Amino acid sequence: MSAPAMPIDPKELRPLVHEEIDRLEAEDLEVLHRVALQLELERVNARLDTAFDADRNAGKIERLPEIIRAARAALRERAGK
């Protein structure tokens, strides 16, 4: 006997997940929260990796020391006024 097929459509899956969350014990909620945070961290990390690679390919990373020097000079100038 096989398990019933899980819905793939997020609109169908979301209410099922909410029901499952409502049935969880308190300590399991903490674990689920950590898992959700880890998933978000991985998503953000992937976006940053992609953006960083694009910046490197565009030559922006090589200019970073120049950009930092200019920013620091502008801050010093602003602080001196």
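From a predicted model like this one, the values you see are computed outputs, not experimental measurements. All residue numbers in this chain count up from 1 along the given sequence.
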How about Ile8 and Leu13: do any of their side-chain heavy atoms sit closer than 4.5 Å?
no
CD1 on Ile67 to CD on Glu62, rounded to 0.5 Å:
11.0 Å
Only counting residues at least two apart or in another chain, list the ones meeting salt bridge (Lys or Arg N to Asp or Glu O under 4.0 Å) with Asp28.
none
How far does NZ of Lys60 sit from CG of Leu64, to the nearest 0.5 angstrom?
11.5 Å
Got a sec, which residues hit salt bridge (Lys or Arg N to Asp or Glu O under 4.0 Å) with Glu40, two or more places apart in sequence or on another chain?
Arg43
How long is the span from the CG atom in Leu32 to the CD atom in Glu20, to the nearest 0.5 Å?
9.5 Å
Side chain to side chain contact (heavy atoms under 4.5 Å, CB included), that's the test. Do Arg56 and Asp53 meet it? Break it down for me.
CA-CA 5 Å; Arg56 182 181 14 245; Asp53 288 344; 2.7 Å; yes
Contact check, side chains of Thr50 and Arg47, non-hydrogen atoms, under 4.5 Å:
no
For Pro10 and Pro15 the tightest heavy-atom approach is O-CD, 4.5 Å
